Amino acid sequence: MNKTIIVSNRLPLQVRIENDQIEVTPSVGGLATGLKSVHKEGNGLWVGWSGITEEELTPELETKISKAVTKAQCVSVNLTQRDLDHYYYGFSNRTLWPLFHYFIEYTEYNPESWEVYKSVNQKFADKVLEQVEEGDNIWIQDYQLLLVPGMVKAKRPDISIGFFNHIPFPSYEIFRTFPKRKELLEGMLGADLIGFHTYDYERHFLSSVKRILSLDVSFNKITYQNRIIKVDSFPMGIDYEKFENAALDHDKMAESEKSEIQKRLDQHLQNEEGIKMILSIDRMDYTKGIPNRIKAFEYFLRKYPQFQEKIRLIMLAVPSRSQVPQYQRLKQETDELVGRINGEYSTVSWTPIWYFYRALPFENLIDLYTSSDVALITPVRDGMNLVAKEYVATRTRKDGVLVLSEMAGASIEMNEALLINPFNFEEIADSIKQALEMPKAEQKQRMQALQNRVSRYSVKKWANEFMNSLDQVHKVYNVIEAEKVDKNVKALFIEKLRSDEKKIMFLDYDGTLVNFTNNPQDAKPDKELFSILENLHVIEHLKLVLISGRDKKTLNKWFGHTPYTLVSDHGVSMRIENEEWKTTERLKTDWMDDILPVLETFVDRTPGTLVEKKKYSLAWHYRNTDIELAEKRLVEIKTVLTSFISNTDLTLLEGNKVIEIKSSKVNKGRACSSLLNQFPSEHVFAFGDDWTDEFMFEELPERSETVKIGVQKTKARYYVKTVEEVRAFLKALAE
């Protein structure tokens, strides 16, 4: 039975060593909960680090851990302390984390940490490759493993791979500053499906892919190494029922069953009539905007003094990465701010901020969620923020108000919250006042809408939707791959080429026999290509035809000394073997005088583009420019040219980063048909890569053996992925 392999930095287990004995307990984190349906309930396997370094292990302990994690459907990746220092604490948390959260000033790049990050990603990839079997799915999680998809795909291109990034993806302007930007993108593009929490992160990623790697992006699909990669947004949810049921049980508790924290909360709420609680829960992280929140709360107390002694901010900050200097400074700043504000505003019976720097067990979180009238969640940058969703799930009486930063990914789904800019103290203060004074009816209306949405898109649904989407992507990819050239197809071609019957082979040039170049004139034929063509030409009863969009002058310059049949300008002119060139159609060219100035204005406005003037057509090349600017110009240029050529015999053809204007009276299909009429052949072969070659595939006899270069929708019967594969195939046929 096929399985799903989940890959993350940590296993969904807590592994402890006590007196040479192993204690393994399940994790209770959101990811472990969300992937339970894929891991435990399905035929799943989880690959990750156990939390124990190699230095802590003896051979006996390693065996015990291996047995324990295997029993839990897991496989452990061994990491050394050096790995941990450079890969996790170093590159992941001192480089990628601040970069992806827009804190460029905190981003440190250390070449040694990068090398260790690569080597650890390879360890994860190797462990996955040991476990993977044909038909399996792989789902890789988060920024610690950005290179793993590419490493696995390189060894197992047949395997379906998904990747989900749980933190924001920064804008192109931020991401472009990073020295290893290409390597990170290429690693991620090993996946067949790449997921983000929001469309904004998806859009930023696609922009970086287009502008840094210059890849073709159509809507949310990327063509890379002749694979189709889908990019989509999947907002992560929570285990809604768990929080809702915990809150319902909490409401039914007898006094004797309540926790100490709940008793203290009850005591203050009863003793101080009319007081309201504002809740703030975060990890102690600079992305959470904690100092800004405290300053905004101070501004609120100053602007609206009538609320002094009537509200209390309960602030829970969970320790995080306390060995990192930025986090140490953040902790110090937070302590000082809380101390100063409490010192300034406290009275004998009232302290404005209750500040806890610790982690609390689940039942105490429920105490805080259910007792607080307002949740104040104001990160300056956050991938999702599940605390906001947890607060909503626990409000079983449909009351309470959520004040949420628009910089949190969750804000996209939670429009009924009071959305604020975390840098605007005025707006935060006014929103706190609005929340505290909001009528119960409005609270209920907003909370009901939030609960309906959050409960529908639970963490289980998030996981299932991602896996369903991965299945669909792989099915589409398999449909494309169904006619891939393999050894059986090669055998068929060779058998037909060896026959004594007449044969003809049509070969496109750019993108088929040679790779594209920034300057079209640089794509000259090389010695290897001449050798391949000569070996094909000497096959008995085979007529070899080079059919190109290139002009006659260029083809004559490159291939005039050869005996092959040449077709230029998509079929305008032909040179049959060693005869003179002949024009197949009498075409007007006076239209060029009107169109050329239009194209030149687009060249002026789009640096890096150029106009190629051929005898019978004009081509606007945009391979060497910013791809997003080119796409914008492409829409404009097509609109302008379409109006110019209406009611004429001109047509627009889109090729690989080129748009060409030519007569609609000629195309490669007509040229092929003309040659077949002159040279009837029992066997017909054709190779091409772009839309101009689709005319050829469509017009050729049904029995023809047609080959498309690239993974795209095509009328060809077969396909190969690259120019290099075409050359290898033709070389094999010639031999």
Side-chain angles (χ1 to χ4, degrees), residues 7-11 47-57 62 75-130 140-155 163 165-170 172-191 205 208 212-213 283-287 319-331 381 383:
V7 192
S8 67
N9 174 56
R10 287 291 297 269
L11 290 174
V47 174
W49 178 49
S50 66
I52 308 295
T53 62
E54 284 187 15
E55 288 84 354
E56 298 174 83
L57 293 174
E62 188 171 355
V75 176
S76 180
V77 178
N78 287 345
L79 299 181
T80 65
Q81 188 59 48
R82 180 173 179 270
D83 289 339
L84 210 58
D85 290 340
H86 287 283
Y87 144 77
Y88 184 73
Y89 295 117
F91 193 80
S92 294
N93 290 332
R94 294 194 182 194
T95 306
L96 295 180
W97 179 268
L99 178 75
F100 280 38
H101 286 86
Y102 292 71
F103 284 83
I104 296 181
E105 68 276 21
Y106 291 166
T107 304
E108 304 171 13
Y109 176 70
N110 180 327
E112 184 181 3
S113 294
W114 164 246
E115 292 302 323
V116 175
Y117 181 84
K118 284 198 298 183
S119 69
V120 170
N121 272 244
Q122 190 64 61
K123 284 185 180 183
F124 277 85
D126 291 343
K127 189 64 72 173
V128 171
L129 290 165
E130 288 174 15
I140 300 161
Q141 309 290 329
D142 224 359
Y143 66 104
Q144 299 96 345
L145 305 174
L146 294 176
L147 304 180
V148 174
M151 291 170 169
V152 175
K153 183 63 78 174
K155 296 290 179 66
F163 175 82
N165 198 61
H166 290 267
I167 64 175
F169 195 91
Y172 162 73
E173 291 297 340
I174 297 290
F175 190 71
R176 72 190 294 202
T177 64
F178 186 58
K180 300 297 180 181
R181 57 199 186 176
K182 286 188 177 181
E183 290 87 338
L184 294 182
L185 292 176
E186 287 166 351
M188 294 173 74
L189 290 176
F205 174 75
S208 290
I212 293 170
L213 299 182
R283 283 187 310 106
M284 181 64 79
D285 193 292
Y286 49 75
T287 65
S320 175
R321 301 169 190 161
S322 52
Q323 71 277 31
V324 178
Q326 289 96 332
Y327 289 77
Q328 294 168 352
R329 289 195 291 271
L330 174 65
K331 167 71 164 57
R381 191 72 59 176

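Side chains included, hydrogens not; waters and symmetry mates left out as well; all remaining heavy atoms used. This one's a predicted model, so the numbers in the text were calculated from it and none came from an experiment.
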Review point. Between Q141 and N9, does a side-chain hydrogen bond (donor to acceptor under 3.5 Å, both in side chains) hold up when you go through it step by step?
Key: CA-CA 8 Å; Q141 309 290 329; N9 174 56; over 6 Å; no

Practice item. Any chance you could measure S320, atom OG, to R283, atom CZ, to the nearest 0.5 Å? Key: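 Here the interatomic distance stands at 4.0 Å.
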
Review point. Rounded to the nearest 0.5 Å, what separation is found between the CG atom of L96 and the CG atom of L184?
Key: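 Output value for this atom pair is 6.0 Å.
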
Practice item. Any chance you could lay out the ring pair (Phe, Tyr, Trp, His ring centres under 6.0 Å) test for Y109 and W114, step after step, and finish with the verdict? Key: CA-CA 8 Å; Y109 176 70; W114 164 246; 7.2 Å; no

Point to revise | Test of ring centre spacing under 6.0 Å for F100 and F169 | key: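 Between F100 and F169, the centre distance is under 6.0 Å.
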
Looking only at atom types and distance, does a side-chain atom of [X] sit under 3.5 Å from a main-chain N or O of [Y], one as donor and one as acceptor?
X: D285; Y: T287; result: yes
X: S92; Y: Y87; result: yes
X: E115; Y: E112; result: no
X: E55; Y: Q81; result: yes

Point to revise | Non-neighbouring partners of P168 that pass side-chain contact (heavy atoms from CB on, under 4.5 Å), sequence neighbours left out | key: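 Checked P168 against side-chain contact (heavy atoms from CB on, under 4.5 Å); matches are H101, Y201, R381.
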
Review point. Would you call E54 and R82 a salt bridge, taking side-chain N to carboxylate O under 4.0 Å as the test?
Key: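 Here E54 does not pair with R82 in a salt bridge, since their nearest N and O are not under 4.0 Å apart.
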
Practice item. Applying ring pair (Phe, Tyr, Trp, His ring centres under 6.0 Å), run through Y88 and Y117 and close with a yes or a no. Key: CA-CA 8 Å; Y88 184 73; Y117 181 84; over 10 Å; no

